[in-house]
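One structure is given here, and the rest of the page talks about it.
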Amino acid sequence: MQRREITTMLCRSARSTSLRNYASLAFATVHPSEISGEHPAEVKNLVRSKWSGSSISDKLVDPLNGQKFIKVPSTPQSEVQPFIDSLKSCPKTGLHNPLKNPERYLLYGDVSAKVAHALKQPKLADFFAKLIQRVSPKSYAQAEGEVTVTQKFFENFSGDQVRFLARSFVVPGNHLGQQSIGMRWPYGPVAIITPFNFPLEIPALQLMGALYMGNKPLLKVDSKVSIVMEQMLRLLHDCGMPLEDVDFLNSDGPTMNHVLVEAGPSMTLFTGSSRVAEKLAGDLKGRVKLEDAGFDWKILGPDVDEVDYVSWVCDQDAYACSGQKCSAQSILFMHENWVKAGLVDKLKNLAKRRKLGDLTVGPVLTVSTKCILDHVRSLLKIPGSEVVFGGKPLSNHSIPEVYGAVEPTAVYVPLKEILKRENFNLVTTEIFGPFQILTEFKAEEVPLVLEACEKMHAHLTAAVVSNDVHFLQTVLGNTVNGTTYAGIRARTTGAPQNHWFGPCGDPRGAGIGTPEAIKLVWSAHREIIQDVGPVPSGWKTPPCT
């Protein structure tokens, strides 16, 4: 695909916005439609209230055409001491808490209100949607949806809602003047590490949760997409966030790991791969909250209804954003009644509609084409396995070889073969791309489906598509996934601002989006027992005990 065609595609949207409209966005230092190999954008670091570059930079490759289009600092270890010192300068009591600088709760309520209002303006929403598309190609609807969720989040925590997050409780004591006060207390210096697939929503929501509760965060976003959050930080500053409240570092993984080990933040939030999550948990001695990867399952129950709708949701769950969601449908357990109803053919036809031209399928940023197709070939060695659809590279494109470019793919594997020890790890390997496993079960094989769910090691999202109450009770009562949709409209993807999104079954599990998630991840419980007396009249020193 030629660069001219790509630019035209990215500019096509329901809200067509000219470049001159972007010029009115005073905070912005980039224009999405202008970023190219001829006019590369540049990302900066932020530390101690100052934006700056580094002595070493990387030039990011455009995932659609291979041009080097964004310059990003690759900050070496020799230049990270200011970030370490900045984190260490924050006391354990945080920048604010219920007994210190409480006016900052009001400050962040006001900042949130201003950002919410700004993001509701069509030209600003369009700016961020198109910027997301440039670095993490997805359809305009998917990118716009990410902006909408972020806007609603800021709206939810406007005004007094930030201080309500720090609501305390009091329990009467044993005598006059004594009471126990439970408070939500910040950690102080904290770090946030987020992935590429939601360049705005994940880092923005976690960053604000940290700030609301009184922490000072060091933010590290995947460098491939960090330009989006850099622009959001500039918007936050424009809306009143103090420059010194957040540091922003662009570096490779080992350098960030060095910063964390040397600075010793009280808590680190990591969203991303299970492998990195486990390394961080060890290096940081468990002072982490994790929202790691998930091999997410969906079970279609015995009651078949709304086949067209359920088929469409399955296609969206597996292939929207080219499957690059931690909540993407990784395996579909189909009751035989759904197979007889023609679900598989409907899935095949829906997948055929996806094309690179509108980014309903696109570059896979963490898995190459070869790796995906090698995985398919490995699965086909399992007896009874077959490619249901896809399994081929995309054609007629200019996506760089470093990225994946494959058709939406589904591989069928028999349920009993999945459960065999020699096959299970292979079948449940998460492919962060447009790929899923299909399998079928009969009524008497429900225990085998539950056995498969039990053996999976990550329990992020899941769906039980059924209105059969007894079936729902059986499945929900014997599974643990943290965000589980249940009912005929159930899905696996979706992290709106109105419900908890996060894993279950791991004491390190992190949530996002809701007051409960913010309080769990970004604050700790502190108990202050106030005992002011008076001492009873006539009190005398009692015998030694």
Side-chain angles (χ1 to χ4, degrees), residues 49 89-120 149-172 179-192 201-219 232-233 235-247 265-267 269 289 495-502 510-530 532:
S49 306
S89 71
C90 179
K92 294 176 183 177
T93 54
L95 300 178
H96 63 265
N97 61 53
L99 301 178
K100 183 178 81 171
N101 300 330
E103 64 276 4
R104 282 175 52 88
Y105 293 114
L106 307 183
L107 165 70
Y108 272 101
D110 289 342
V111 170
S112 294
K114 291 174 183 176
V115 176
H117 176 75
L119 288 176
K120 208 161 189 175
V149 168
T150 305
Q151 188 276 330
K152 288 291 185 184
F153 174 86
F154 278 102
E155 206 167 64
N156 285 347
F157 293 99
S158 298
D160 285 328
Q161 297 307 311
V162 174
R163 67 168 148 198
F164 288 160
L165 289 170
R167 188 192 301 271
S168 301
F169 64 84
V170 176
V171 177
Q179 56 184 1
S180 299
I181 307 169
M183 294 186 174
R184 299 312 304 178
W185 214 254
Y187 290 104
V190 299
I192 302 169
E201 181 181 342
I202 294 176
L205 270 58
Q206 293 292 15
L207 175 70
M208 298 315 296
L211 290 166
Y212 292 157
M213 299 312 296
N215 303 287
K216 176 182 172 64
L218 168 61
L219 176 63
M232 172 53 73
L233 286 171
L235 173 61
L236 283 162
H237 295 151
D238 196 53
C239 291
M241 183 181 81
L243 269 167
E244 65 271 17
D245 280 10
V246 179
D247 294 330
S266 299
M267 208 283 288
L269 177 282
K289 287 289 185 181
Q497 72 294 331
N498 64 302
H499 71 61
W500 162 282
F501 183 86
I512 192 171
T514 62
E516 292 75 19
I518 292 171
K519 286 182 277 190
L520 172 82
V521 175
W522 295 114
S523 69
H525 179 87
R526 186 185 188 190
E527 193 87 2
I528 296 177
I529 297 86
Q530 190 176 69
V532 298

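Just so it is clear, the structure is predicted and the values come from calculations on it, not from any experiment.
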Qualifying residues under side-chain contact (heavy atoms from CB on, under 4.5 Å), relative to [X], sequence neighbours excluded:
{"X": "Leu99", "value": "Asn97, Met183, Trp185, Ile528"}
{"X": "Asn101", "value": "His96, Glu103, Arg104"}
{"X": "Glu527", "value": "Phe169, Ser180, His525, Ile529"}
{"X": "Glu516", "value": "Thr514"}

Would you say [X] and [Y] make side-chain contact, with heavy atoms under 4.5 Å?
{"X": "Leu236", "Y": "Asp245", "result": "no"}
{"X": "Arg184", "Y": "Leu165", "result": "no"}
{"X": "Asn498", "Y": "Phe153", "result": "no"}
{"X": "Leu235", "Y": "Leu119", "result": "yes"}
{"X": "Pro217", "Y": "Leu211", "result": "yes"}
{"X": "Cys239", "Y": "Asp110", "result": "no"}
{"X": "Pro515", "Y": "Phe164", "result": "no"}
{"X": "Leu269", "Y": "Val521", "result": "yes"}

If you count heavy atoms of other groups shown closer than 6.0 angstrom to NE2 of His237, is the number above 12?
yes
Results of side chain to side chain donor-acceptor pair (under 3.5 Å) for [X] - residues two or more places apart only:
{"X": "Glu244", "value": "none"}
{"X": "Gln497", "value": "none"}
{"X": "Asp160", "value": "Arg163"}

Output yes when a side-chain donor or acceptor of [X] lies under 3.5 Å from a complementary backbone atom of [Y], and no otherwise.
{"X": "Asn215", "Y": "Pro186", "result": "no"}
{"X": "Gln206", "Y": "Gly511", "result": "yes"}
{"X": "Gln151", "Y": "Ala116", "result": "yes"}

Given the rule in the side-chain contact (heavy atoms from CB on, under 4.5 Å) test, do Val246 and Leu233 qualify, once you have shown the distances and angles that lead to the verdict?
CA-CA 9 Å; Val246 179; Leu233 286 171; 4.1 Å; yes
Checking [X] now: which residues fulfil salt bridge (Lys or Arg N to Asp or Glu O under 4.0 Å) with it, not counting sequence neighbours?
{"X": "Lys216", "value": "Asp247"}
{"X": "Asp238", "value": "none"}
{"X": "Lys100", "value": "none"}

For [X] and [Y], which heavy atoms make the closest approach, and how far apart are they?
{"X": "Ala210", "Y": "Val190", "result": "CB-CG2, 4.3 Å"}
{"X": "Leu95", "Y": "Cys90", "result": "CD2-SG, 4.2 Å"}
{"X": "Pro91", "Y": "Pro189", "result": "O-CD, 3.7 Å"}

How long is the straight-line distance from CD1 of Ile518 back to CG of Leu205, given to the nearest 0.5 Å?
7.5 Å
side-chain contact (heavy atoms from CB on, under 4.5 Å) between Trp522 and Ile192, intermediate numbers included:
CA-CA 11 Å; Trp522 295 114; Ile192 302 169; 3.5 Å; yes
Taking ring-ring contact (aromatic ring centres under 6.0 Å, His included) as the test, write out the residues that go with His499, two or more places apart.
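Per chain and number, His499 pairs via ring-ring contact (aromatic ring centres under 6.0 Å, His included) with Tyr485.
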By ring-ring contact (aromatic ring centres under 6.0 Å, His included), which residues pair with Tyr212, not counting sequence neighbours?
Phe157
Applying side-chain contact (heavy atoms from CB on, under 4.5 Å) to Thr150 and Met208, what does each step give before you reach the verdict?
CA-CA 11 Å; Thr150 305; Met208 298 315 296; over 6 Å; no
Given the rule in the side-chain contact (heavy atoms from CB on, under 4.5 Å) test, do Met267 and Lys289 qualify, once you have shown the distances and angles that lead to the verdict?
CA-CA 7 Å; Met267 208 283 288; Lys289 287 289 185 181; 3.6 Å; yes
